[in-house]
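Residue numbers start from 1 in every chain, and the chains themselves are labelled A, B, ... in the order their sequence lines are given, proteins ahead of strands.
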Protein chains: 2
Amino acid sequence: MSESAKRPALADLIDLLGTKWVMRILWELRENALTFRALQAACGGLSPSVLNHRLKLLETSRLVERQQSGYGLTDQGQSLMEVQKPLAQWAQRWQRSLT
Amino acid sequence: MSESAKRPALADLIDLLGTKWVMRILWELRENALTFRALQAACGGLSPSVLNHRLKLLETSRLVERQQSGYGLTDQGQSLMEVQKPLAQWAQRWQRSLT
DNA sequence: TATGGTTGCTACTGAATTCGTAGCATAGAC
DNA sequence: GTCTATGCTACGAATTCAGTAGCAACCATA
């Protein structure tokens with residue numbers, strides 16, 4: 001085996017998206033940037049320390065960046081939400097099936 | 001507003017997928033069913049109590065079910081992984097961009 | 001019958017994470 | 001100066017997770 005763990009890129013992404021609040025934050029930013037406090041409120045008032053941690057994580061992952069109007073998705077972040085769009089339709093069918 | 005919170009189905013799904021280990025478990029079951037212990041090992045040896053909780057959660061969500069050979073994805077679970085496939089390509093571009 | 005292996009799962013302790021709230025420092029607007 | 005909004009830190013309490021031990025049921029084989 002080589003020195004680098006050769007972990008599939010998808011596995012890393014799954015870990016990232018599987019971290020609590022990460023998907024939610026991306027989702028809340030999908031349309032427009034939000035201030036720290038607005039984002040906090042959108043996420044149901046999660047604690048600022050956790051939000052801060054997640055924002056740092058998302059910044060180093062190049063999915064979120066600081067903008068004039070607060071925090072917003074990078075182009076890459078936008079493209080991820082684009083790829084995730086089919087998920088919305090799937091979610092509706094799924095919810096109906098749970099009745 | 002109506003009596004039910006009318007929370008978008010996608011929001012519920014995001015909450016579910018944002019729960020620790022949930023995406024990972026679905027990912028590990030993507031190709032074939034695994035026994036409880038094999039699944040535990042595939043997830044890097046997470047504690048059986050957490051795995052048990054997540055499996056119960058995924059069962060009530062109709063994404064995972066018990067099969068002869070252990071735990072496997074339901075048809076619905078399979079279809080979710082199908083929808084998520086474009087994520088794999090996106091992940092590769094993303095990882096390259098992080099260098 | 002009994003011996004051994006696998007499996008699904010519970011129990012328990014300590015470590016890590018998150019929640020919930022208070023509050024500070026900075027930066028405009030008035 | 002005062003007021004408001006903003007980004008963020010601090011800290012104790014509550015929750016969750018990690019890590020390990022072990023049990024009961026189910027085979028298979030002898």
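- Which of C:dC9, C:dC19, D:dT9 sits closest to the side chain of B:Asn52 comes down to C:dC9.
- A:Thr74 places a side-chain N or O within donor-acceptor distance of the main-chain N or O of A:Gln76, the cut-off being under 3.5 Å.
- For the pair A:Leu55 CG and D:dG7 P, the computed distance is 10 Å after rounding to whole Å.
- With A:Thr35 contributing its side chain and A:Ala38 its backbone, the two residues share a donor-acceptor pair below 3.5 Å.
- Looking at heavy-atom distances under 4.0 Å, B:Thr35 makes contact with sugar-phosphate atoms alone, never a base.
- The CD atom of B:Gln40 sits 16 Å away from the P atom of D:dG22 (whole-angstrom rounding).
- When distances are taken from the side chain of B:Tyr71 to each of C:dA11, D:dT9, C:dC9, the shortest belongs to C:dC9.
- For B:Arg37, whose side chain is taken as the heavy atoms from C-beta onward, the closest listed nucleotide among D:dC17, D:dC11, C:dT7 is C:dT7.
- The side chain of A:Phe36 approaches D:dG7 more closely than any other nucleotide in the set D:dC17, D:dG7, D:dT9.
- For A:Ile25 and C:dT18, the CD1 to C1' distance is 13 Å, given to the nearest whole Å.
- Distance B:Arg54 CZ to C:dC9 P: 15 Å, rounded to the nearest Å.
- Distance A:Leu51 CG to D:dT9 C1': 13 Å, rounded to the nearest Å.
- Judged by closest nucleotide on DNA chain D, A:Leu34 is the one of A:Leu34 and B:Gly45 placed further toward the 5' end.
- At least one donor-acceptor pair closer than 3.5 Å links the side chain of A:Arg54 to the backbone N or O of A:Lys20.
- Nucleotides of DNA chain C nearest to B:Gly70 and A:His53 differ in position, and the one nearer the 5' end is that of B:Gly70.
- For the pair A:Arg30 and A:Trp27, the cation sits on the ring face: its NZ or CZ lies under 6.0 Å from the ring centre, inside 45° of the axis.
- Closest to the side chain of B:Lys20, from the set C:dC19, D:dA18, D:dC8, is D:dA18.
- For A:Pro48, the side-chain atoms get nearest to D:dA10 when compared with the rest of D:dA10, D:dG19, C:dT18.
- Per the geometry, NZ belonging to A:Lys56 stands 13 Å off P belonging to D:dG7, to the nearest Å.
- Rounded to an integer number of Å, the gap from CD of A:Glu59 to P of D:dG7 is 12 Å.
- For A:Leu46 and C:dT17, the CG to C1' distance is 13 Å, given to the nearest whole Å.
- A salt bridge between B:Glu82 and B:Lys85 is present, with a side-chain N of the basic residue lying under 4.0 Å from a carboxylate O of the acidic one.
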